[in-house]
Amino acid sequence: MRETFIDTTTAILDEDPRTALVVADISAASFTAARRRHPDRVFNVGIREQLMAGVGGGLALTGMRPYLHSYAPFLIDRAYEQIKLDLGHQETGAVLVSIGASYDAAAEGYTHQSPGDVALLDTLDGWTVHVPGHRDEVAALLRAAARHDDRVYVRLSTQENAHAYPDAGGLRVLRRGGPLVVAVGPMLDPVLEATLGMDVTVAYTNTPRPLDTDGLRALVEGEVVVVEPYLAGTSAHPVGQALNGLPHRALHLGVGRAEVRRYGDWRDHARAHGLDPAGLRRSISGFLL
């Protein structure tokens, strides 16, 4: 996904003179050629992520469409106040593109992990959040974001599904049955494996914000399980609002709040948080019994 982001953003910079890119050392070398061609629109501010957000807000005020990029904890957690003020308060837009996700860089420790990034953005108004599940979903999301001035977050990950579903902005049903299981982004393949032989409906989305409320209401018939690759319960509030007035039970699965201090790799962390197929099957079957 990271390579797709680099290639696509480089092409957008060449095609659209309104587009700008601001990085904070991360991936800067990959944009060397683009920076030579567009020195007035490609900026590396160094390890100053708060400044990166501020520069992005300033560029947006001049009519530019800034893309900001770094690891998720640096881009969102560290620069949260600047995102809140320099984008939200100023009523400007930008495209924030992260790598690292919740624990892709597990071996680097907790400094490089951000299970709470989407939850943080949920405290702010007007954000669209894309969580692609495959590299072939990334380019279309980035290109679509260049055509307007809204606030967009694109959360890239090392973990990805076997197949791409580029048209999965709303809830796309991939398996029909009983109670609904919603898989967000790279959680689709683990969910499909976990629910083999179970009488459930599996739906997929790579755009959890705004939530497809109409699709959710049409699919829920009493029970719903939401599986997200970030903090467990992040979507509890919007799901509850969407289903207001409909009798239902909900289970929200995702990354736990307890820090996993034995580094390992992302697969180890998925198992520790119950987000591997075996862990998901235990949780989903236990809830639906």
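Every value quoted in this text rests on a predicted model; they were computed, and no experiment measured them. Values reported hereafter were calculated over all heavy atoms of this structure, with side chains retained and with hydrogens, waters and symmetry mates removed.
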Under a 4.5 Å side-chain heavy-atom rule over Ile, Leu, Val, Met, Phe, Trp and Tyr, are [X] and [Y] clustered together?
{"X": "Leu253", "Y": "Leu171", "value": "no"}
{"X": "Tyr80", "Y": "Ile47", "value": "no"}
{"X": "Met1", "Y": "Met187", "value": "no"}
{"X": "Val226", "Y": "Leu219", "value": "yes"}
{"X": "Ile99", "Y": "Val152", "value": "yes"}

Could you check whether Thr158 and Arg2, counting side-chain N and O atoms only, form a donor-acceptor pair closer than 3.5 Å?
no

If we ignore angles and hydrogens, is there a donor and acceptor under 3.5 Å between the side chains of Asp189 and His163?
no

Residue that, paired with His69, satisfies ring pair (Phe, Tyr, Trp, His ring centres under 6.0 Å) out of Tyr153, Phe5, Phe43
Phe5

If every non-hydrogen atom of [X] is compared with every non-hydrogen atom of [Y], which pair is closest and at what distance?
{"X": "Ile26", "Y": "Ser70", "answer": "CG1-OG, 3.6 Å"}
{"X": "Leu13", "Y": "Thr19", "answer": "CD2-O, 3.6 Å"}
{"X": "Glu137", "Y": "Gly133", "answer": "OE1-N, 3.0 Å"}
{"X": "Asn161", "Y": "Gly185", "answer": "ND2-O, 3.0 Å"}
{"X": "Ala183", "Y": "Leu188", "answer": "CB-CA, 3.6 Å"}
{"X": "Tyr263", "Y": "Glu108", "answer": "CE2-C, 4.2 Å"}

Would you please test Val181 and Ile284 for side chain to side chain contact (heavy atoms under 4.5 Å, CB included) and show each step?
CA-CA 9 Å; Val181 181; Ile284 294 170; 4.2 Å; yes

Less than 4.5 Å apart, side chain to side chain, heavy atoms only: is that true for [X] and [Y]?
{"X": "Met64", "Y": "Arg41", "result": "yes"}
{"X": "Ser102", "Y": "His273", "result": "no"}
{"X": "Arg143", "Y": "Asp16", "result": "no"}
{"X": "Val118", "Y": "Pro208", "result": "no"}
{"X": "Asn206", "Y": "Tyr165", "result": "no"}
{"X": "His89", "Y": "Lys84", "result": "no"}
{"X": "Ser157", "Y": "Val131", "result": "no"}
{"X": "Asp212", "Y": "Thr205", "result": "no"}

Audit row: Val95, Arg65, side chain to side chain contact (heavy atoms under 4.5 Å, CB included) steps and yes/no
CA-CA 8 Å; Val95 185; Arg65 184 56 165 161; 3.6 Å; yes

Strictly under 6.0 Å, is that where the ring centroids of Phe74 and His112 end up?
yes

Mind checking the [atom1]-[atom2] spacing from [X] to [Y]? Nearest 0.5 Å is all I need.
{"X": "Thr4", "Y": "His134", "atom1": "OG1", "atom2": "NE2", "result": "9.0 Å"}
{"X": "Leu251", "Y": "Leu288", "atom1": "CG", "atom2": "CG", "result": "8.0 Å"}
{"X": "Arg175", "Y": "Leu196", "atom1": "CZ", "atom2": "CG", "result": "5.0 Å"}
{"X": "Asp265", "Y": "Gln159", "atom1": "CG", "atom2": "CD", "result": "10.5 Å"}
{"X": "Thr195", "Y": "Arg281", "atom1": "OG1", "atom2": "CZ", "result": "7.5 Å"}
{"X": "Trp266", "Y": "Arg271", "atom1": "CH2", "atom2": "CZ", "result": "9.0 Å"}

Assess whether side chain to side chain contact (heavy atoms under 4.5 Å, CB included) is satisfied between Leu180 and Glu221, documenting all intermediate values.
CA-CA 8 Å; Leu180 175 64; Glu221 297 181 359; over 6 Å; no

Test item: [X] side-chain N/O and [Y] main-chain N/O as donor-acceptor pair under 3.5 Å:
{"X": "Arg155", "Y": "Ser98", "result": "no"}
{"X": "Gln50", "Y": "Gln82", "result": "no"}
{"X": "Asn244", "Y": "Gln241", "result": "no"}
{"X": "Arg267", "Y": "Asp276", "result": "no"}
{"X": "Thr123", "Y": "Leu120", "result": "yes"}
{"X": "Thr201", "Y": "Pro179", "result": "no"}
{"X": "Arg151", "Y": "Ile83", "result": "no"}
{"X": "Tyr103", "Y": "Val260", "result": "no"}

Take Asp149 and Arg18 through the test salt bridge (Lys or Arg N to Asp or Glu O under 4.0 Å) and record every step on the way to the result.
CA-CA 11 Å; Asp149 290 309; Arg18 196 175 76 104; 2.7 Å; yes

Taking atom [atom1] as the centre, does [X] end up with more than 12 heavy-atom neighbours from other residues, nucleotides or ligands that are less than 6.0 angstrom away?
{"X": "Asp125", "atom1": "CG", "value": "no"}
{"X": "His148", "atom1": "NE2", "value": "yes"}
{"X": "Glu81", "atom1": "CD", "value": "no"}
{"X": "Arg176", "atom1": "CZ", "value": "no"}

Passes side chain to side chain contact (heavy atoms under 4.5 Å, CB included), Tyr71 versus Asp104? Steps please.
CA-CA 10 Å; Tyr71 266 86; Asp104 283 355; over 6 Å; no

Which of these, Leu216, Val191, Val220, sits in a side chain to side chain contact (heavy atoms under 4.5 Å, CB included) with Val182?
Leu216

With salt bridge (Lys or Arg N to Asp or Glu O under 4.0 Å) as the test, would you mind laying out the steps for Arg262 and Asp268 before giving the verdict?
CA-CA 9 Å; Arg262 300 185 68 179; Asp268 297 312; over 6 Å; no

